[in-house]
Amino acid sequence: MDVRLHLKQIAFLSFICIFLTPCGLACGPGRGYGKRRHPKKLTPLAYKQFIPNVAEKTLGASGKYEGKITRNSERFKELIPNYNPDIIFKDEENTNADRLMTQRCKDKLNSLAISVMNQWPGVKLRVTEGWDEDGHHFDESLHYEGRAVDITTSDRDKSKYGMLSRLAVEAGFDWVHYESKAHIHCSVKAENSVAAKSGGCFPGSGTVTLADGRRKHIEDLQVGDRVMAADDTGNISFSDFIMFMDHDPNTRRQFLVIETSNPSIKLALTAAHLVFVVNGSPVPGMRATFASNVKLGDKVLVSDGTHATFKSVTVKRIYTEEYQGSYAPVTAHGTIIVDQVLVSCYAVIENHRWAHWAFAPVRLSHSLMTWLFPARASNVTLQEDGIHWYSNALVYIGSWLLDRDSFHPLGISHLS
């Protein structure tokens, strides 16, 4: 089914949520809430395919290697034995090493074991490699940290391995690779990984420009502030700040930093957030893409802080930095200029237009409140710390309708 049709369904259902759901349910759904998840057709992975389609040890997948764990190291306590009777462990070393893994890896593996039994009655999940203490893998393998497993089915039926790979993706592994005709490789983020906690947002120190020309930190935005953004035609405009999709002043998170040349500007945002890039001339070729997809040499749209038009500027460097706090502001236009760079207000799904359509009920609600209570205080807040219930509801409903790989992997880590 076409992704646009899916997102129309999401927007329609979310419209029902915001206007027909009782206030008592306004905290939004979570796992186990409501009706049983609708079954969906699963597509097997092709041989050598991996999901997500990025390198294993990058921010968008299982994250960086953090060092080998040995039985004598302090980190050995991070490894937990898995004695699940529904999983067969090869354990050719007879040391139970294959049973040792991080808690996140254990959780995903146990979830996969259930899916395997449901998919093929009488068949169990089989682990051929888990934690490696003997140096049998390449340098910096996540097997050395208990964050990777190689799997097959108990009947070793190779015709099942494409679907087994898909089931592993659905179980929540952060990287799945149909690596060999003999096994599937799966891995997870580190337990303490800030990447595992990333969504789509900016550090609070990011700045925006107000209608009166003042600069303001994102963390200090208040409902009713008018901030510099872009309208539907790509022209610089000012737009009402409506709400925060995510408001977390406490957690330290990993952000991508996109640095441009001439002028030199640095934009920090999470990997799952949408940023506008251009091909050739500025606005006509403008498209939104995940920050993690931006490459050296791409051009982003930069404002000099005035009412002039945008300038397309080349990306010269991309790296990561850790910041305190994260904030995801939403404007009436669905765009915002942060640290002089034009970005979308949305994340998770790589389609700015339809994400903006899905937030139409929020904009309508804001307009109605402004009309009914024009004198309300400008410091009205719409949420407590955390992810706004409406954003959670959209992702949750979308997870019913779309395949897992339709989302950015870091944008749905809280549903894993």
Side-chain angles (χ1 to χ4, degrees), residues 2-8 10-11 52-54 59-60 198-202 206 208 218 227-237 239 241-242 245-246 255-260 265 267-303 309-315 318 326-360 362-363 391 394-395 398 402 405-412:
D2 188 86
V3 172
R4 293 188 176 185
L5 178 57
H6 280 312
L7 289 172
K8 284 184 178 180
I10 294 173
N53 190 28
V54 295
L59 188 64
S198 296
C201 43
F202 309 92
V208 297
I218 290 177
V227 300
M228 187 175 284
D231 60 21
D232 292 340
T233 62
N235 294 316
I236 292 177
S237 180
S239 185
F241 165 66
I242 296 176
M245 276 192 286
D246 191 358
F255 292 82
L256 288 179
V257 180
I258 298 173
E259 185 176 346
T260 67
I265 292 173
L267 169 69
L269 73 174
T270 46
H273 207 92
L274 295 177
V275 60
F276 292 103
V277 296
V278 295
N279 298 316
S281 58
V283 175
M286 184 173 71
R287 64 182 176 86
T289 188
F290 292 130
S292 59
N293 290 342
V294 176
K295 304 180 296 296
L296 297 182
D298 284 349
K299 293 181 181 293
V300 295
L301 295 173
V302 170
S303 164
T309 58
F310 289 106
K311 176 182 179 182
S312 60
V313 181
T314 302
V315 175
I318 301 172
S326 55
Y327 302 81
V330 178
T331 68
H333 283 43
T335 59
I336 189 168
I337 297 173
V338 177
D339 293 329
Q340 298 181 243
V341 180
L342 177 64
V343 295
S344 171
C345 291
Y346 310 116
V348 183
I349 293 181
E350 198 175 18
N351 192 311
H352 167 80
R353 179 182 176 188
W354 291 95
H356 188 56
W357 197 91
F359 271 81
V362 173
R363 295 193 297 278
S391 179
L394 282 181
V395 175
L402 304 177
D405 48 332
S406 299
F407 299 85
H408 192 286
L410 294 185
I412 57 169

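The structure places OG1 of Thr289 at 11.0 Å from CG of Asn351, a figure rounded to the nearest 0.5 Å. Atom CZ in Phe290 sits 6.0 Å away from atom CG in Leu274 (nearest 0.5 Å). Rounding to the nearest 0.5 Å gives a distance of 7.5 Å between CZ of Phe310 and CE of Met286. Here the CG-CG distance, from Leu267 to Asp339, works out to 6.0 Å after rounding to the nearest 0.5 Å. In this structure, the separation between CE on Met245 and NE2 on His273 is 6.5 Å, given to the nearest 0.5 Å. In this structure, OG1 in Thr314 is found 9.0 Å from CG in Asp298, a value given to the nearest 0.5 Å.
At a threshold of 4.5 Å between non-hydrogen side-chain atoms, the residues Ile218 and Val338 count as touching. Contact check for Phe241 versus Ile336: no side-chain heavy atoms found under the 4.5 Å cut-off. Contact check for Phe276 versus Val300: no side-chain heavy atoms found under the 4.5 Å cut-off. Side chains of Val294 and Val275 form a contact here, defined as non-hydrogen atoms less than 4.5 Å apart.
Panel note: side chain Ser326, backbone Cys201; no donor-acceptor pair is recorded below 3.5 Å. Here the side chain of Thr335 pairs no donor or acceptor atom with the backbone of Ala229 at under 3.5 angstrom. Between the side chain of His352 and the main chain of Arg287, no donor-acceptor pair closer than 3.5 Å is present.
For Asp231, the side chain to side chain contact (heavy atoms under 4.5 Å, CB included) test picks out Thr233, Asn235, Ser237, His333, with sequence neighbours left out.
Considering all non-hydrogen atoms of both residues, Arg363 and Trp357 come closest at NH2-CA, 4.5 Å. Of all the heavy atoms in Ser239 and Thr331, the pair that sits closest is OG-CB, 3.5 Å.
With Ile258 as the partner, the side-chain contact (heavy atoms from CB on, under 4.5 Å) test is satisfied by one option alone out of Val277, Val341, Leu296, Val315: Val315.
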Tell me, with the steps shown, if Met228 and Ile236 meet side chain to side chain contact (heavy atoms under 4.5 Å, CB included). CA-CA 7 Å; Met228 187 175 284; Ile236 292 177; 3.8 Å; yes
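Tyr346 and His356 are linked by a side-chain donor-acceptor pair at a separation below 3.5 angstrom, with hydrogens and angles left out of the test.
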